[in-house]
Each structure stands twice: as structure tokens, then as C-alpha cells.
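Contents: one structure, followed by commentary.
Each chain gets a letter, A, B and so on, in the order the sequences are listed, and its residues count up from 1.
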Amino acid sequence: DVVMTQSPDSLAVSLGERATINCKSSRSVLNSSNNKNYLAWYQQKPGQPPKLLIYWASTRESGVPDRFSGSGSGTDFTLTISSLQAEDVAVYYCQQFYTTPETFGQGTEVEIK
Amino acid sequence: EVQLVEAGGGLVQPGRSLRLSCTAAGFTFGDYGVSWFRKAPGKGLEWVGFIRSKAYGETTEYAASVRGRFTISRDDSKSIAYLQMASLKTEDTAVYYCSRDILWVRKGYDYWGQGTLVTVSS
């Protein structure tokens with residue numbers, strides 16, 4: 001199985017400041033046939049389903065604010081919230097869908113400092 | 001508007017069975033794969049398994065934790081996918097979500113249902 005490891009487990013950031021979450025996969029999730037990393041980022045708030053923020057490691061889903069951005073390739077990925085807003089308090093997960101079983105990171109809880 | 005609605009959750013005793021459904025609307029259900037996920041209390045998200053569309057052979061794959069106990073099926077005429085769960089264990093207690101998979105442009109899971117709670121307890 002591809003193990004996804006996120007860091008940190010939790011993060012407290014002041015409003016308007018940058019939040020950075022890292023995700024490392026135990027092996028590459030780059031699909032060489034189309035040069036796309038099969039890596040997604042989700043936001044989950046209590047009592048709600050996950051919301052897709054970023055796919056292919058760096059493509060923002062339609063309707064997602066541009067303060068959310070993703071980067072990385074191969075095995076190392078980053079989700080950045082450039083200016084944290086109150087509504088961004090949530091748990092964030094990375095997920096690889098390159099191979100089954102599809103696997104998630106353990107989640108990073110983002111809160112306001 | 002794309003919608004996915006799970007149903008069928010509830011309280012069930014260990015060893016018993018339960019069938020969840022995922023009813024879709026707002027898109028051509030038969031063109032898409034369907035994945036099931038779960039979130040246990042205090043834990044992270046877990047992929048349970050998926051079923052591909054007929055065009056992709058309607059094949060299924062499962063997480064090791066449920067393989068042999070859970071079965072995913074679909075009825076494209078009704079736009080419904082099912083998760084049949086047997087020999088339930090207390091560790092299967094979770095909110096179960098379904099989501100659609102755009103098989104020809106794999107980009108993660110863009111629409112999810114609100115989830116249905118399954119509690120396995122005596």
C-alpha cells in the first residue's frame with residue numbers, strides 16, 4: 001500500500017497568515033503516461049463530507065478560492081493557504097488515487113491562533 | 001445539480017448485515033465509477049472500495065479491511081449504487097460516504113453525499 005504521511009498533525013495560524021501542510025507518499029504517484037500526479041487535497045469540516053480542493057497535485061477545483069494552492073511532484077506535496085480565513089478552520093487530507101487501495105494522509109487540523 | 005444521497009445506515013449488531021444505497025441525480029450515472037469511503041469516530045478518511053462503470057467492465061476493488069465481507073454493486077437503470085456489508089464488526093462503525101469517479105479523467109472525487117452513519121454494537 002502507498003502510505004501517505006502528513007505534517008504537521010495540527011497547525012494554529014493567525015488570521016491572514018499563511019498555512020502550509022506537507023504530504024509525503026511512500027512511493028511516487030506520478031502517472032508517467034500523462035505526467036499527472038494522482039494526488040488530491042480535501043477539506044473536511046465537522047458534520048460535512050470532504051470537499052475537493054486540489055487535484056493532480058496543483059489544479060484547483062472549480063469554485064475553490066485562489067488562496068488555496070498545491071504544489072509538488074512524485075512523492076512530496078504541499079497545500080498552502082496563503083491568507084487564512086475563519087472559514088478555513090477544518091481538517092485537511094491528502095489522498096493518492098494512483099493505485100488501489102487509495103489512501104489518505106492522517107489529516108491535519110487547522111485552527112486559528 | 002449533481003447530488004448523491006446515501007441511505008440505509010443505522011444500529012446493527014456485530015455479525016449482522018446491512019445494505020447502504022447511494023442514489024445519484026444530476027448527471028449520467030452510468031458513465032461514472034462510484035467509490036465508497038468511511039470515517040470512523042476520531043479517525044481519518046478511509047477508502048472502502050469502488051465499482052467501475054459498465055464501459056470499464058463494472059469491476060470492483062476493495063480495501064483489505066473489508067474484502068470478502070463487503071460487496072459493491074450498481075443499478076444504472078435506477079442511478080443507485082449499493083454497499084452490501086456482511087459479518088459486521090464493531091470497527092466498521094463509521095459514517096459512510098459515496099462519491100463519483102470520473103474514470104476517463106481521474107481527478108479525485110468532486111461530489112460526495114452527506115454520509116450515513118453505521119453503528120455496529122451489541
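Of the atoms belonging to K39(B), it is side-chain heavy atoms, and not backbone ones, that fall under 4.5 Å from chain A. Neither the backbone nor the side chain of Y111(B) comes within contact range of chain A; no heavy atom of the residue lies under 4.5 Å from a heavy atom of that chain.
Of all non-hydrogen atoms in R106(B) and W56(A), the two that sit nearest each other are O-NE1, 2.6 Å. Between G113(B) and P49(A), the shortest heavy-atom contact is O-CB, 3.2 Å. Contact record, Q44(A) with L45(B): OE1-CD2, 3.8 Å, taken as the closest heavy-atom pair. Across all their heavy atoms, P101(A) and W47(B) have their closest contact at CA-CZ3, 3.4 Å.
The hydrophobic clustering, which links ILVMFWY residues whose side-chain heavy atoms are closer than 4.5 Å, places I112(A) and L79(A) together. Cluster annotation: Y96(B) is not connected to L11(B) through the hydrophobic network of ILVMFWY side chains, with a link wherever side-chain heavy atoms come within less than 4.5 Å. Following chains of ILVMFWY side-chain contacts shorter than 4.5 Å, one cannot reach I54(A) starting from L30(A), and the two form parts of different hydrophobic clusters. Under a hydrophobic clustering in which Ile, Leu, Val, Met, Phe, Trp and Tyr are joined whenever their side-chain heavy atoms come within less than 4.5 Å, directly or via other members, V5(B) and Y32(B) fall into different clusters.
Taking CH2 from W112(B) and NZ from K51(A), the interatomic distance works out to 14.0 Å, rounded to the nearest 0.5 Å.
Looking only at side-chain heavy atoms (C-beta outward), D110(B) and E61(A) come within less than 4.5 Å of each other. Counting heavy atoms from C-beta on, the side chains of E46(B) and T103(A) never come closer than 4.5 Å. Within the 4.5 Å cutoff, the side chain of Y55(A) has no heavy atoms near those of the I102(B) side chain.
By a heavy-atom distance cut of under 4.5 Å, F50(B), E61(B) are the residues of residues 48-87 of chain B near chain A, going up by number. Of residues 15-28 of chain B, not one residue has a non-hydrogen atom less than 4.5 Å from any non-hydrogen atom of chain A. For residues 81-100 of chain A, a heavy-atom distance under 4.5 Å to chain B picks out Y93(A), Q95(A), F97(A), T100(A), given by residue number.
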Report, one line per pair, each donor and acceptor closer than 3.5 Å where one atom sits in a side chain of residues 114-122 of chain B; sequence neighbours left out.
from	atom 1	to	atom 2	distance (Å)
T116(B)	OG1	G9(B)	N	3.1

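A donor-acceptor distance shorter than 3.5 angstrom exists from the side chain of Y42(A) to the backbone of Y109(B), with no hydrogens or angles considered.
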